[in-house]
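To start, the structure under review is shown below, and the notes come after it.
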Amino acid sequence: MWNVVISWVVLLGVATASIAGSDPFFSRWETLNQADGLPSDKVLAVLATADAVWAGTDQGLAVVRDSKIEVIGSAEGLPFPVVTALATTPATGDLWIGTMGGLARLSGGRLDVFTQLNSGLANDVIYGVAADDSAVWVATASGLSRYELATDSWEIFDVTNTLMHEPWCYAVTSAKNNVYVAVWGGGVLVRNGQTGVFREHRDPDGEMEVDLFRDDGLVHDVTSSVAVSGDTMWVGTYFGLSRYQGRRWASYNQEDSGLPGDFINYLRSRGEEVWIATDQGLGYFDSRIWHAWKILPEGGVELRTTTTDGEFSLERLSSGPPHNTIYSIDLDRQDIWLATAAGLSHGIAKAEATDKSASRRLLDKGEPQ
């Protein structure tokens, strides 16, 4: 732990040292791993619900509830131990579990499994799941599948009936009655919920190595995540971040912004804010100021704050995420949950309410109230 935190602020090209504050968002970070009962330290997906936190690992699904951890694996009916995506149906609370070997639904304690053999799933290798009250959307290695809940019917969207140039769908989300799909090598597909018509967003310069022209469209066609809130769409790629707002694009890279890394695994947005999971740390951007949490090679956690004008400060923190490789993010009020390569991490907000949320109590571990 550091008693004094030093900050270096670059202003007009001159570096000055000053005393900096602590993490502006979180009072502390806590992490659950195998020693606490997780089936694996490699957590690939996370979902915070009203009374629990779900963690998908490469060795099964864990649910953290009432200070206890329960594991659901192949022995309990999970189609495959590697859990890659999680979603819930809002009206019923049914949990949808995407794995590398099929889709599962947990409802009322019952686990139902959907595969290519017994359903309209395009492929058993699942990368993303999104659910609303009428349908479940599944991003697979062979296209996008839709499961219509009311009619118990399936439909597949792929290179044969859409603008999709590649079959590998890496992420899917639904918002404002539309569905947004991140396609590996194919940009982003948007399906209009009223007309059913697809349109696409691609990198206009067609260059796979570099982004020739800034802010002209997607920064790259190799897309890995898409998040939508309000009129803003954020797209994560393996070569940077893009924002689409009011028919205008903006592109961000590590070298010219506060982005912690260009290799983006996952995005979670809320209003004008976006949280960014990369292989080089956690990022946050509110369209004005960047924050990046990163573990240093010599140990300890660094928080870098960068303005859009290029001014930045560096701070040493006493706690932070346990690993720079972050696979997924979920938000619980002002708290944050991270799926990382070293466990399930919980960032506890500074402004803690007297009546804590159910998920925040999960990791209190007997601390005084």
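Since the structure is predicted, the reported quantities are computational estimates derived from the model, not experimental observations.
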Could you check whether any side-chain heavy atom of Asn177 comes within less than 4.5 Å of a side-chain heavy atom of Gln194, counting everything from C-beta outward?
yes
When hydrophobic residues are tied together by side-chain contacts of less than 4.5 Å, even through go-betweens, does Ile289 share a cluster with Leu303?
no
Report yes if some heavy atom in the side chain of Val181 is under 4.5 Å from a heavy atom in the side chain of Val188; otherwise report no.
no
Exam field: side chain Thr173 to backbone Tyr180, donor-acceptor pair closer than 3.5 Å
no
Should the pair Arg316-Glu298 be classified as a salt bridge under the 4.0 Å nitrogen-to-oxygen rule?
yes
Can you tell me if Asp309 and Thr307 form a side-chain donor-acceptor pair at under 3.5 Å?
no
Are the side chains of Phe239 and Asp203 in touch, meaning some heavy atoms are under 4.5 Å apart?
no
Distance from Leu241 atom CG to Leu267 atom CG, nearest 0.5 Å?
6.0 Å
As a test of understanding, state which of Trp337, Trp293, Trp290 forms a ring pair (Phe, Tyr, Trp, His ring centres under 6.0 Å) with Trp275.
Trp293
State whether the side chain of Ser224 and the backbone N or O of Gly236 hold a donor-acceptor pair below 3.5 Å, judged by distance alone.
yes
Is there a side-chain contact between Val64 and Ile69, using heavy atoms and a 4.5 Å cut-off?
yes
Between Thr308 and Phe285, is any pair of side-chain heavy atoms under 4.5 Å apart?
yes
Would Val138 and Val82 show up in the same hydrophobic cluster when neighbours are defined by side-chain heavy atoms closer than 4.5 Å?
no
Does Asp256 CG have over 12 foreign heavy atoms under 6.0 Å away?
yes
Working note: Thr340 + Leu282, criterion side-chain contact (heavy atoms from CB on, under 4.5 Å); need CA distance, chi angles, decisive distance, verdict.
CA-CA 10 Å; Thr340 83; Leu282 172 68; over 6 Å; no
State whether Arg28 and Glu30 are salt-bridged, where the test is any N-O pair (Lys NZ or Arg NE/NH1/NH2 against Asp/Glu carboxylate O) under 4.0 Å.
yes
Taking the six-membered ring of Tyr252, is the NZ or CZ of Arg243 close enough (under 6.0 Å from the centre) and on axis enough (within 45°)?
no
Linked, directly or transitively: Val113 and Leu78 (ILVMFWY side chains, under 4.5 Å):
no
Test side-chain contact (heavy atoms from CB on, under 4.5 Å) applied to Leu259 and Thr306, Asn253, Ile276, the passing residue
Ile276
Test side-chain contact (heavy atoms from CB on, under 4.5 Å) applied to Leu314 and Arg304, step by step:
CA-CA 5 Å; Leu314 303 174; Arg304 181 186 181 107; 3.5 Å; yes
Any donor and acceptor pair, going by atom type alone, linking the side chain of Thr31 with main-chain N or O of Ser345 inside 3.5 Å?
no
Compute the centroid of each ring, for Trp184 and then for Tyr238, and state whether the two points are separated by less than 6.0 Å.
yes
Closest non-hydrogen atom pair between Ala171 and Ser225, with its separation:
CB-CA, 3.8 Å
Joint hydrophobic cluster, Val228 plus Leu144, side-chain heavy atoms closer than 4.5 Å:
no
Quick one: does Gln254's side chain have a donor or acceptor within less than 3.5 Å of a partner on Pro260's backbone?
yes
What's the spacing between Arg105 CZ and Leu95 CG if we round to 0.5 Å?
11.5 Å
Can you name the closest pair of heavy atoms from Thr84 and Met100 and give their distance?
CG2-CE, 3.9 Å
Strictly distance-based, threshold 3.5 Å: is any side-chain N or O of Asn324 a donor or acceptor partner for the main-chain N or O of Lys294?
no
Could you tell me whether a side-chain N or O of Ser107 sits under 3.5 Å from a main-chain N or O of Arg110, the two making a donor and an acceptor?
no
Ignoring hydrogens and angles, tell me if any N or O in the side chain of Asp221 forms a donor-acceptor pair with the backbone of Arg202 under 3.5 Å.
no
Donor-acceptor pair, side chain of Thr232 and main chain of Glu272, under 3.5 angstrom
no
Do Leu189 and Arg191 come close enough that some side-chain heavy atom pair is under 4.5 Å?
no
Rounded to the nearest 0.5 Å, what's the gap from OH on Tyr327 to OG1 on Thr278? Could you check?
11.5 Å
Within this structure, what is the OG1-CG distance for the pair Thr99 and Leu86, rounded to the nearest 0.5 Å?
10.5 Å
Any donor and acceptor pair, going by atom type alone, linking the side chain of Asp41 with main-chain N or O of Gln34 inside 3.5 Å?
yes
Does a side-chain N-to-carboxylate-O contact under 4.0 Å join Asp23 and Lys350?
no
Could you list the residues that satisfy salt bridge (charged side-chain N to carboxylate O under 4.0 Å, His left out) with Glu255, not counting sequence neighbours?
none
Can you sort out the partners of Asp330 under side-chain hydrogen bond (donor to acceptor under 3.5 Å, both in side chains), two or more places apart, ordered by chain and number?
Arg268
Carboxylate-amine/guanidinium proximity below 4.0 Å for Glu155 and Arg146
yes
Can you tell me how far the CD1 atom of Ile336 sits from the CD1 atom of Ile326, to the nearest 0.5 Å?
8.0 Å
Is it true that a side-chain atom of Asn33 and a backbone atom of Ala342 form a donor plus acceptor pair closer than 3.5 Å?
no
Phe263/Thr325 under side-chain contact (heavy atoms from CB on, under 4.5 Å): CA gap, chis, key distance, verdict
CA-CA 10 Å; Phe263 194 98; Thr325 299; over 6 Å; no
Which distance, rounded to the nearest 0.5 Å, do you find between the CG of Asp94 and the CG of Asp112?
9.0 Å
Is there a donor-acceptor contact under 3.5 Å linking the side chains of Ser153 and Glu148?
no
Is there a path of hydrophobic side-chain contacts, each under 4.5 Å between heavy atoms of I, L, V, M, F, W or Y residues, that connects Val301 with Trp29?
yes
Go through Val53 and Val46 one step at a time and tell me if the side-chain contact (heavy atoms from CB on, under 4.5 Å) criterion holds.
CA-CA 7 Å; Val53 175; Val46 62; 3.9 Å; yes
Distance-only side-chain donor-acceptor flag, Asn123 / Thr140, under 3.5 Å
no
Pairing of Asp286 and Arg288 as salt bridge, 4.0 angstrom limit
yes
